Amino acid sequence: MIIKCLLSAPILFAFTSVNAMQYQVVEMQQQRFDVIQVQQLNQLELFLKNPQTNQYYQKFSHIEKQLPACAQLKFAMNAGMYHADFQAVGLYVEKGKQKTKLNEATGGGNFFMQPNGVLAWNTQRAVVQNTAEYKLHGFKALYATQSGPMLLYKNQINPRFLPNSTSLKIRNAVGIKEQKLYFVISQQPVSFYQLAQFFKDKLNISDALYLDGSISSLYVAESNRNDHYFKLGPIVAVVDRTRCTN
């Protein structure tokens, strides 16, 4: 979204990308979700602007083109809300450098629906925390992106969500369990409540953060999926650089 200021079902398809991630399509209550489990944080990065051109990437293909020949883009997803000029609305940290500060303002729209939160990680640890918790703990982030609202916090679905909501969109989000990050995008339009319920009841995750809706996009190299319909702000990606030498 551009900011202007169910329970048990079989896995339908799964494969593992060597050492870095697992990709699955999971069904719950006749809804299908693409689930990417990332377990190697040293291959997970955020992208917003091309440092050589100072232009916003906006597309997965633009990231892929600027990678060295030895590197491979394995997975990518939109990762947070942005202004009309593609600047991140909230906290954005890339390679240890804070580009945009933590946003504690109030306002309308999904980003400001409380509690909102932060996805952050370094090479040792990842966190998905609400904004107040993240500020309090002072996590040393190598990468961080702020979004909102929190879908789940301490195993509770956000009380602002309506179980019978008719606001249905393709949506994506991220959750954390046992230091593995789970990036999820729905294949059909879903409500906030349905997406939160999927994390809670199907993935057994207790903390999950909404990333966006309507523009939600996914890239998975091994399934040849490359959504290119929308121009994106922050993008999270798994990049395999194991063949690269310093």
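Every value quoted in this text rests on a predicted model; they were computed, and no experiment measured them. Below, each value reflects all heavy atoms present in this structure, side chains not excepted, and no hydrogens, waters or symmetry copies.
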message: Go through it in stages, so that I can follow the logic: the residues are Val118 and Gln129, the test is side-chain contact (heavy atoms from CB on, under 4.5 Å), and I'd like the CA-CA distance, side-chain angles, deciding distance and then a yes or no.
response: CA-CA 6 Å; Val118 175; Gln129 298 175 330; 5.7 Å; no
message: Run the side-chain contact (heavy atoms from CB on, under 4.5 Å) test on Leu119 and Leu181 for me, step by step, so that the C-alpha distance in whole Å, both residues' side-chain angles and the decisive distance to 0.1 Å come before the verdict.
response: CA-CA 10 Å; Leu119 160 68; Leu181 291 171; 3.8 Å; yes
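- Between Tyr134 and Phe139, the ring planes lie tilted relative to each other; the angle falls in the 30° to 60° range.
- The CG atom of Asn110 sits 7.0 Å away from atom CZ of Arg171, with the distance rounded to the nearest 0.5 Å.
- Listed here is the closest heavy atom pair of Leu46 and Val93: CD1-O, 3.6 Å.
- Here Phe75 pairs with Phe183 under the ring-ring contact (aromatic ring centres under 6.0 Å, His included) rule; sequence neighbours left out.
- Nearest heavy atom pair, residue Pro189 against residue Gln31, reads O-NE2, 3.8 Å.
- Of the possible polar contacts, one joining the Gln114 side chain to the Phe112 backbone as a donor-acceptor pair under 3.5 Å is found.
- Contact annotation: the side chain of Pro149 never approaches that of Asn116 to less than 4.5 Å [non-hydrogen atoms, C-beta and beyond].
- Under a 3.5 Å cut-off, the side chain of Lys177 and the backbone N or O of Leu203 do form a donor-acceptor pair.
- In terms of modelled atom types and a separation under 3.5 Å, the side chain of Asp240 and the main chain of Gln72 share no donor-acceptor contact.
- To the nearest 0.5 Å, the span separating CD on Glu178 from CG on Asn204 amounts to 9.5 Å.
- Checked by atom type and distance alone, the side chain of Arg32 never pairs as donor or acceptor with a backbone atom of Val25 at under 3.5 Å.
- Taking 4.5 Å as the limit, some side-chain heavy atom of Met113 sits within range of a side-chain heavy atom of Phe192.
- With hydrogens and angles ignored, the 3.5 Å screen pairs no side-chain donor or acceptor of Ser217 with any backbone N or O of Asn78.
- Atom CG of residue Leu151 and atom OH of residue Tyr193 lie 12.0 Å apart, to the nearest 0.5 angstrom.
- Following chains of ILVMFWY side-chain contacts shorter than 4.5 Å, one can reach Val238 starting from Val128, so the two form part of one hydrophobic cluster.
- Taking the six-membered ring for Trp and the full ring otherwise, Tyr182 and Phe199 have centroids separated by 6.0 Å or more.
- Atom CD of Glu222 and atom NZ of Lys74 lie 4.5 Å apart (nearest 0.5 Å).
- For Thr100 and Gln87, the side-chain atoms include at least one donor-acceptor pair closer than 3.5 Å.
- Within the 4.5 Å cutoff, the side chain of Leu195 has heavy atoms near those of the Phe33 side chain.
- With hydrogens and angles ignored, the 3.5 Å screen pairs no side-chain donor or acceptor of Gln40 with any backbone N or O of Met21.
- At a threshold of 4.5 Å between non-hydrogen side-chain atoms, the residues Val35 and Phe198 count as touching.
- In terms of the salt bridge (charged side-chain N to carboxylate O under 4.0 Å, His left out) criterion, residue partners of Glu45 (sequence neighbours excluded) are, by chain and number, Arg241.
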- request: Kindly indicate, with the supporting measurements, whether the criterion side-chain contact (heavy atoms from CB on, under 4.5 Å) is fulfilled by Lys231 and Lys59.
  value: CA-CA 6 Å; Lys231 294 180 179 180; Lys59 303 279 187 177; 4.1 Å; yes
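- In this structure, CD in Gln39 is found 6.0 Å from NZ in Lys180, a value given to the nearest 0.5 Å.
- Side-chain contact between Val89 and His83 is present, with at least one heavy-atom pair separated by less than 4.5 Å.
- By the rule that hydrophobic residues join a cluster once side-chain heavy atoms approach within less than 4.5 Å of another member, Tyr92 and Leu41 end up as members of one cluster.
- Contact check for Val26 versus Val184: no side-chain heavy atoms found under the 4.5 Å cut-off.
- Summarising the geometry of Pro234 relative to Leu48, their closest heavy-atom pair is N-CD1, 3.5 Å, with the distance given to 0.1 Å.
- The closest donor-acceptor contact from the side chain of Asp207 to the backbone of Lys154 lies under 3.5 Å.
- A side-chain donor-acceptor contact under 3.5 Å links Asn158 to the backbone of Met150.
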message: Determine whether Thr131 and Gln146 satisfy the following criterion, side-chain hydrogen bond (donor to acceptor under 3.5 Å, both in side chains), listing intermediate values before the conclusion.
response: CA-CA 8 Å; Thr131 297; Gln146 185 181 6; 3.3 Å; yes
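- Leu142 and Val127 are assigned to two separate hydrophobic clusters, defined by single-linkage of ILVMFWY side chains at heavy-atom distances under 4.5 Å.
- With sequence neighbours excluded, the residues that form a salt bridge (charged side-chain N to carboxylate O under 4.0 Å, His left out) with Lys135 are Glu104.
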- request: Dump the intermediate steps for side-chain contact (heavy atoms from CB on, under 4.5 Å) on Lys95 and Tyr143, then the final yes or no.
  value: CA-CA 6 Å; Lys95 296 181 179 178; Tyr143 294 96; 3.4 Å; yes
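- Cluster note: Leu162 groups with no other residue, as no ILVMFWY side-chain heavy atom lies under 4.5 Å from it.
- With sequence neighbours excluded, the residues satisfying salt bridge (charged side-chain N to carboxylate O under 4.0 Å, His left out) with Arg225 are Asp34, Asp227.
- Residue pairs meeting the ring pair (Phe, Tyr, Trp, His ring centres under 6.0 Å) criterion with at least one partner in residues 212-244, sequence neighbours excluded, do not occur; the list is empty.
- Side chain of Ser206 to backbone of Asn155: no donor-acceptor contact under 3.5 angstrom is found.
- Across all their heavy atoms, Ile170 and Ser216 have their closest contact at O-OG, 3.4 Å.
- The aromatic rings of Tyr57 and Phe47 stand perpendicular to each other, their planes meeting at an angle above 60°, with 30° marking the opposite boundary.
- Taking CG from Leu91 and OG from Ser147, the interatomic distance works out to 11.5 Å, rounded to the nearest 0.5 Å.
- The minimum heavy-atom distance between Phe60 and Leu218, with the atom names listed, is CE1-C, 3.6 Å.
- Summarising the geometry of Val239 relative to Ala71, their closest heavy-atom pair is CG1-CB, 4.0 Å, with the distance given to 0.1 Å.
- Using modelled atom types, one side-chain atom of Thr145 and one backbone atom of Ala79 make a donor-acceptor pair closer than 3.5 Å.
- Considering only heavy atoms from C-beta on, Trp121 stays 4.5 Å or farther from Val38 through its side chain.
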